Amino acid sequence: MIRILLLALAAMISSAVQAAPATYRIDPEHFSIAFLIEHVGYEKVIGQFLKGEGEFVYDEAAKTLQSGHVAVRADSVFSNHDKRDAHVRSGDFLDAKAHPLVNFVAKSYRAEGESGGVLSGDLTMLGQTHPVELKIKLNKAATYPFGHRQYTLGVSARATIQRSLWGMSYGVKNGLVGDDVELLFEFEALRQGS
């Protein structure tokens, strides 16, 4: 009887330890930030932001998020076209000199199924803040097989926003540049303290 109680207690302690929230920092070497936006109806231009950072506090066992934030350098936009990139950095779009950072602050996470959910938060761009929802997919959670060998989460995230909501309305009325922007995030996040 005592042995059964001790085993039950050990299982409860182990479960409590595993359920503890942990801080995860996004690895800048494995952080892809991309967007797609319609160009005059002919195509969707694919662009990237080359500099971003972020971290979050997540309880993997309970599938709950305590906090999280991501900051992206507006001047790091890249679409493989120098003139277009300079225009996107200008006041017509990102106004990168006046607003050097695009910030996302996580507010809540709702798990859906075994490996995904919906992340809600506030996106601040051009000095304005509006709510955004991202569809999240957890690709893998395991100790990294080489290099740093830290416990790592691999995540894909997707959202679509209307840029005019943040006051970025250049080219919308005349159909030169789409209002809807598809956002794509791919990253590996390293658990800290392990």
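Values in this document were obtained by computation on a predicted structure and should not be read as measured data.
Between I37 and V181 the shortest heavy-atom distance is CD1-CG2, 3.7 Å. Taking every heavy atom of both residues into account, E186 and S156 meet most closely at OE1-OG, 2.8 Å. Contact between L134 and A157 at its shortest, heavy atoms only, is CD2-CB, 4.0 Å.
Connection of L184 to V77 is not established within any shared hydrophobic cluster, with ILVMFWY side chains joined at heavy-atom distances below 4.5 Å, either directly or through further cluster members. Under a hydrophobic-cluster definition in which Ile, Leu, Val, Met, Phe, Trp and Tyr are linked whenever side-chain heavy atoms come within less than 4.5 Å, directly or via other members, L165 and F93 are assigned to the same cluster. The hydrophobic clustering, which links ILVMFWY residues whose side-chain heavy atoms are closer than 4.5 Å, places V88 and V172 apart. V102 and L36 are members of different hydrophobic clusters when ILVMFWY side chains are connected at heavy-atom separations under 4.5 Å.
Each side-chain hydrogen bond (donor to acceptor under 3.5 Å, both in side chains) pair with one or both residues in residues 104-116, not counting sequence neighbours, appears once here: R110-E112, E112-K135. Listed by first then second residue, pairs satisfying ring-ring contact (aromatic ring centres under 6.0 Å, His included) with a partner in residues 64-84 number zero, not counting sequence neighbours. The stretch residues 27-37 participates, sequence neighbours left out, in these side-chain hydrogen bond (donor to acceptor under 3.5 Å, both in side chains) pairs: D27-H30. Residue pairs meeting the ring-ring contact (aromatic ring centres under 6.0 Å, His included) criterion with at least one member in residues 118-143, sequence neighbours excluded, are H130-W166. Applying the side-chain hydrogen bond (donor to acceptor under 3.5 Å, both in side chains) definition to pairs two or more places apart or across chains, those involving residues 36-54 are K44-E182.
Other residues sharing the hydrophobic cluster of L190, ordered by chain and number and joined by side-chain separations under 4.5 Å: none, the residue standing alone. Clustering of Ile, Leu, Val, Met, Phe, Trp and Tyr by side-chain heavy atoms under 4.5 Å joins V105 with none of the others. Cluster partners of Y144, using a side-chain heavy-atom cutoff of under 4.5 Å among ILVMFWY residues and allowing indirect links, are F146.
The backbone N or O of A96 lies less than 3.5 Å from no partner atom in the side chain of R89, so there is not a single donor-acceptor pair. The backbone N or O of T143 sits nowhere less than 3.5 Å from a side-chain atom of R191 that would complete a donor-acceptor pair. The closest donor-acceptor contact from the side chain of S76 to the backbone of L50 lies under 3.5 Å. Of the possible polar contacts, none joining the K137 side chain to the R158 backbone as a donor-acceptor pair under 3.5 Å is found.
More than 12 non-hydrogen atoms from other residues, nucleotides or ligands lie less than 6.0 angstrom from CG of L176. Under a cut-off of 6.0 angstrom, the local environment of CG in D82 is sparse, with at most 12 non-hydrogen atoms contributed by other residues, nucleotides or ligands.
Judged as a ring-ring contact (aromatic ring centres under 6.0 Å, His included), and not counting sequence neighbours, the contacts of F31 are F187. Among residues two or more places apart in sequence or in another chain, the side-chain contact (heavy atoms from CB on, under 4.5 Å) test is passed with S90 by H87, D92. Residues forming a ring-ring contact (aromatic ring centres under 6.0 Å, His included) with F185 (at least two apart in sequence, or on another chain): none. The side-chain contact (heavy atoms from CB on, under 4.5 Å) check on S67 picks up V57, with sequence neighbours excluded.
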Inset, instruction - Go through the steps for L153 and F56 under the test side-chain contact (heavy atoms from CB on, under 4.5 Å), then give the verdict. - result: CA-CA 11 Å; L153 297 181; F56 52 93; 4.1 Å; yes
Inset, instruction - I would like to know whether T124 and H99 meet side-chain contact (heavy atoms from CB on, under 4.5 Å); could you show each step before the answer? - result: CA-CA 10 Å; T124 301; H99 304 281; over 6 Å; no
Inset, instruction - Run the numbers on E60 and Y24 for side-chain contact (heavy atoms from CB on, under 4.5 Å), then give the verdict. - result: CA-CA 11 Å; E60 187 180 356; Y24 292 84; 4.0 Å; yes
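Note that the CZ atom of F104 and the CG atom of L119 stand 4.0 Å from one another [nearest 0.5 Å]. Atoms CD and CD1, on E55 and I26 in that order, are 9.0 Å from each other to the nearest 0.5 Å. Atom CD of Q150 sits about 6.0 Å away from atom CD of Q192, to the nearest 0.5 Å.
When T160, D122, L123 are each tested for a side chain to side chain contact (heavy atoms under 4.5 Å, CB included) with V132, only one passes: L123. No option in L94, V177, D180, L126 other than V177 meets the side chain to side chain contact (heavy atoms under 4.5 Å, CB included) test with R163.
Between the side chains of D179 and S164, at least one donor-acceptor pair of N or O atoms lies under 3.5 Å.
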